[in-house]
Amino acid sequence: MSDEPETTSMVSDGAATTPWADAVAALAAADTYWLSTVRPDGRPHVVPILGVVVDGVFHFAAWPGSVAGQNLASDPRCVVAVNAGGIDLAVEGRATAVRDEPVLQAAAERYLEQYDWPVEIRDGAFHAEGAPTAGPGPYDVYALTPSKAFGYGSGEGDYNPTRWRFG
């Protein structure tokens, strides 16, 4: 999510917009996110997840046997939504499984720091005890590559309704 997107106001041409860097900072400060995936028959599936931002990119873990994990295996399109630091964000894009050891290590460090969730990295996945609803593991780690995002002020911050489009 570090590439600079095309930024436009959702209110009117020329209205102030929120910089993408501010949206990413709010995303990094949140603790619970909502992941929407697409079932094979086209129906949506929504589930709360824990996620982290590493080098400006949102990452999350999912058990391959979960509905979300199975959906992502057949269709990587998804949306991550969150209320964080005065902004409501919805980030549309594609989730890609991460197998790169340094990225997995950085994500593991953020999970430990943010959620006190220690994981071991083996065979390109997180191995750890998980929440009862998360499945038994191991967990695939995904990076979200955004295509479009929307941000709305939620009363706490000074955010203007903004749309970001990514190349």
Side-chain angles (χ1 to χ4, degrees), residues 1-38 42 44-62 68-69 71-115 117 119 121 124-126 139-167:
M1 282 197 254
S2 55
D3 293 339
E4 198 57 38
E6 173 191 342
T7 304
T8 57
S9 170
M10 290 190 293
V11 178
S12 65
D13 290 342
T17 59
T18 299
W20 179 242
D22 291 356
V24 171
L27 191 66
D31 61 3
T32 301
Y33 307 82
W34 292 92
L35 172 67
S36 299
T37 58
V38 182
H45 171 70
V46 180
V47 64
I49 60 167
L50 304 179
V52 297
V53 173
V54 176
D55 295 330
V57 177
F58 183 76
H59 293 79
F60 62 94
N71 290 347
L72 291 171
S74 65
D75 187 340
R77 294 177 299 163
C78 62
V79 178
V80 170
V82 68
N83 172 280
I87 188 169
D88 294 324
L89 286 171
V91 183
E92 300 178 3
R94 293 182 176 273
T96 305
V98 175
R99 301 289 183 233
D100 184 69
E101 186 84 18
V103 175
L104 290 171
Q105 187 59 47
E109 290 169 8
R110 287 289 299 129
Y111 269 103
L112 181 60
E113 179 182 304
Q114 192 163 333
Y115 301 107
W117 187 42
V119 301
I121 300 167
F126 282 0
Y139 305 95
D140 286 331
V141 176
Y142 293 90
L144 177 62
T145 301
S147 56
K148 192 183 309 179
F150 304 91
Y152 306 88
S154 64
E156 299 170 25
D158 186 24
Y159 295 101
N160 297 305
T162 302
R163 176 185 302 110
W164 301 274
R165 288 192 174 110
F166 298 82

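No experiment lies behind these values; they were computed from the predicted model shown. Because only heavy atoms are used, hydrogens play no part in the values below, and waters and symmetry mates are left out as well, while side chains stay in. Positions are given from 1 along the sequence.
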Nearest atoms (heavy-atom pairs only) where Pro48 meets Thr32:
CB-CG2, 4.2 Å

Does a side-chain heavy-atom distance below 4.5 Å link Thr7 with Thr162?
yes

Side chain to side chain, Glu6 and Phe166, heavy atoms closer than 4.5 Å
no

Kindly say whether Ala30 contributes a backbone atom to a donor-acceptor pair with the side chain of Gln114 at under 3.5 angstrom?
yes

Closest heavy-atom contact between Glu101 and Ile121?
OE2-CG2, 3.7 Å

Hey, could you give me the CZ/CH2 distance between Arg165 and Trp20, rounded to the nearest 0.5 Å?
13.5 Å

Tyr142 and Phe58: aromatic ring centres closer than 6.0 Å?
no

Flag side-chain contact, heavy atom, 4.5 Å: Ser147 against Glu92
yes

Can any side-chain N or O of Tyr115 pair as donor or acceptor with the backbone N or O of Gly51 at less than 3.5 Å?
yes

Is it the case that more than 12 heavy atoms not belonging to Arg99 sit under 6.0 Å from its CZ atom?
yes

What do the steps show when you test Asp75 against Val38 for side chain to side chain contact (heavy atoms under 4.5 Å, CB included), and what is the final call?
CA-CA 7 Å; Asp75 187 340; Val38 182; 4.0 Å; yes

Is Ser36 reaching over with its side chain to a backbone N or O of Val46, donor-acceptor style, under 3.5 angstrom?
no

Between OG1 of Thr145 and CZ of Arg94, what distance do you get to the nearest 0.5 Å?
9.5 Å

Nearest atoms (heavy-atom pairs only) where Val52 meets Ala107
CG2-O, 4.1 Å

Residue pair Leu27, Leu89: steps toward the side chain to side chain contact (heavy atoms under 4.5 Å, CB included) verdict
CA-CA 8 Å; Leu27 191 66; Leu89 286 171; 4.1 Å; yes

Trp164 (side chain) donor-acceptor with Thr18 (main chain) under 3.5 angstrom
yes

Check: Thr17 side chain, Thr8 main-chain N or O, donor-acceptor pair, under 3.5 Å:
no

Are any of the side-chain heavy atoms of Val53 and His59 separated by less than 4.5 Å?
no

Locate the shortest heavy-atom distance separating Phe60 from Tyr111; write the atom from each residue and the value.
CA-OH, 3.2 Å

Separation between CG of Asp140 and CG of Leu104, rounded to the nearest 0.5 Å
9.5 Å

Run Phe126 and Val141 through side chain to side chain contact (heavy atoms under 4.5 Å, CB included) and show every step you take.
CA-CA 7 Å; Phe126 282 0; Val141 176; 3.6 Å; yes

If you compare all heavy atoms of Val79 against all heavy atoms of Ala90, which two are closest, and at what distance to 0.1 Å?
CG1-CB, 4.4 Å

For the residue pair Leu35 and Cys78, establish whether any side-chain heavy-atom pair is separated by less than 4.5 Å.
yes

Provide the closest heavy-atom pair for Ala68 versus Thr37 in the form atom of the first, atom of the second, distance.
CA-OG1, 4.1 Å

